[in-house]
Number of protein chains: 2
Amino acid sequence: MAVEIRPSQALKLLHDLNYEMVRDDDRDLSARQITILLTVYLEQPPHTVRGLAAKLNVTKPVITRALDTMGRMELLQRRRDPSDRRNVLVQRTVKGALYVERLGDLMVAKAKELPL
Amino acid sequence: MAVEIRPSQALKLLHDLNYEMVRDDDRDLSARQITILLTVYLEQPPHTVRGLAAKLNVTKPVITRALDTMGRMELLQRRRDPSDRRNVLVQRTVKGALYVERLGDLMVAKAKELPL
DNA sequence: ATAAATCGTTTCGGAGCCGTATCATTTCAG
DNA sequence: CTGAAATGATACGGCTCCGAAACGATTTAT
């Protein structure tokens with residue numbers, strides 16, 4: 001039981017966070033894209049297209065397209081698996097790491113500002 | 001300083017929350033839609049199209065379309081302002097209140113499960 | 001009364017994402 | 001060595017959303 005938070009605080013935190021993301025960025029990531037990004041950055045590699053699709057309960061093209069988009073944004077990158085060249089390994093990037101770090105810091109800051 | 005949370009916890013919370021929303025719902029709300037919804041439910045009325053557009057730094061048609069979509073979902077409803085019939089007042093619905101409540105509870109539950 | 005301003009909606013062409021089905025490449029089994 | 005299986009990418013038609021511009025309805029100012 002690490003983090004104690006009340007529903008009204010949780011909702012305000014969620015609001016403030018989304019608000020910042022909508023206001024700052026022109027293009028905001030979808031819930032699916034954020035989930036993919038955070039999965040790659042928080043969970044143990046390796047991450048494959050098939051594995052991510054199964055984990056998120058979506059079809060493979062969804063992952064492929066998300067990798068196209070987030071690859072263009074340089075938040076994630078593809079790497080062919082050398083040991084089985086059918087696989088594509090999804091890996092972090094410097095830019096993506098900075099983005100995720102900024103997101104975590106923003107959330108911490110917003111949580112600190114919450115009223116009792 | 002109400003809620004203390006570390007960046008790694010914040011990111012995991014964000015991940016888990018988005019993960020649930022992606023897995024459960026077929027159609028997930030965009031960041032913009034969530035922000036509009038929570039603004040209406042958390043901040044003081046009245047909420048107008050123009051006011052919401054200015055607050056979120058988006059164009060008016062974005063709000064109109066979001067109201068179309070979330071109106072079809074019965075999460076929000078439009079009401080003509082009787083005192084100035086040019087205005088549209090954005091109001092809560094029973095279904096929307098339940099949705100928001102469920103969202104807050106889900107976030108509280110996920111926060112509770114976070115590792116130290 | 002008429003013109004200007006305000007407000008929300010609609011239209012338009014363009015872009016992104018969806019799921020299904022299919023494809024090329026690579027690996028594995030017989 | 002050849003055919004089946006596995007993996008990720010692509011083609012397709014459909015749907016939603018986007019910003020800019022134009023529009024109708026209403027209110028306010030002259």
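Chain letters run A, B, ... following the sequence lines, proteins first and then strands; every chain starts at 1. Please read these numbers as outputs of a predicted model, since none were measured by experiment.
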Phosphate oxygens OP1/OP2 of [N]: is one of them under 4.0 Å from a side-chain N or O of [X]?
X: Arg50(A); N: dT7(D); answer: yes
X: Thr64(A); N: dA9(D); answer: yes
X: Thr69(A); N: dC17(C); answer: yes
X: Gln33(B); N: dT16(D); answer: no
X: Arg65(B); N: dT10(C); answer: no
X: Thr59(B); N: dA20(D); answer: no
X: Asn87(B); N: dG8(C); answer: yes
X: Arg78(B); N: dT9(C); answer: yes

Give one of base, sugar-phosphate or nothing for [X], where a contact means two heavy atoms less than 4.0 Å apart.
X: Asp68(A); answer: nothing
X: Ser30(A); answer: nothing
X: Val58(A); answer: nothing

When you measure from the side chain of [X], which nucleotide among [options] comes out closest?
X: Thr48(A); options: dG8(D), dG19(D), dT26(D); value: dG8(D)
X: Arg86(B); options: dA6(D), dC18(C), dT27(D); value: dT27(D)
X: Arg32(A); options: dT7(D), dG19(C), dT6(C); value: dG19(C)
X: Val88(B); options: dG8(C), dT25(C), dG8(D); value: dG8(C)

Give a yes or no on whether a donor-acceptor pair under 3.5 Å exists between the nucleobase atoms of dG8(D), that is its base, and the side chain of Arg85(A).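 No.
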
Check Asp81(B) with Arg85(B), please: is the shortest side-chain N to carboxylate O separation under 4.0 Å?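 Salt bridge absent between Arg85(B) and Asp81(B).
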
Starting at [atom1] of [X] and ending at [atom2] of [N], how long is that distance when rounded to a whole Å?
X: Lys60(B); N: dC17(D); atom1: NZ; atom2: C1'; answer: 18 Å
X: Arg80(A); N: dT7(D); atom1: CZ; atom2: P; answer: 12 Å
X: Leu52(B); N: dC7(C); atom1: CG; atom2: P; answer: 13 Å
X: Arg79(A); N: dT7(D); atom1: CZ; atom2: P; answer: 21 Å
X: Asn57(A); N: dG19(C); atom1: CG; atom2: P; answer: 10 Å
X: Ile36(A); N: dG8(D); atom1: CD1; atom2: P; answer: 13 Å
X: Leu29(B); N: dC17(D); atom1: CG; atom2: P; answer: 10 Å
X: Ile63(A); N: dG8(D); atom1: CD1; atom2: P; answer: 10 Å

Ser8(A) and Arg6(A): side-chain donor and acceptor closer than 3.5 Å?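 Yes - a donor-acceptor pair under 3.5 Å links their side chains.
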
Donor on one side chain, acceptor on other, Thr39(A) and His15(B), under 3.5 Å: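 Looking only at side-chain atoms, His15(B) and Thr39(A) do form a donor-acceptor pair, the distance falling under 3.5 Å.
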
5'-most by nearest nucleotide on DNA chain C - Met73(A) or Asp81(A):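 Its nearest nucleotide lies further toward 5', so the answer is Met73(A).
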
Is it true that atom CZ of Arg78(A) has more than 12 heavy atoms of other residues, nucleotides or ligands lying nearer than 6.0 Å?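 More than 12 heavy atoms, drawn from other residues, nucleotides or ligands, come within 6.0 Å of this atom.
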
Would you say that Leu13(A) contacts Met107(B) through its side chain, given a criterion of any heavy-atom pair below 4.5 Å between the two side chains?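 Side chain of Leu13(A) against side chain of Met107(B), heavy atoms only: contact under 4.5 Å found.
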
Within the structure provided, determine whether Tyr99(B) and Leu29(B) are in side-chain contact (heavy-atom separation under 4.5 Å).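 The answer is yes; the side chains approach within 4.5 Å.
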
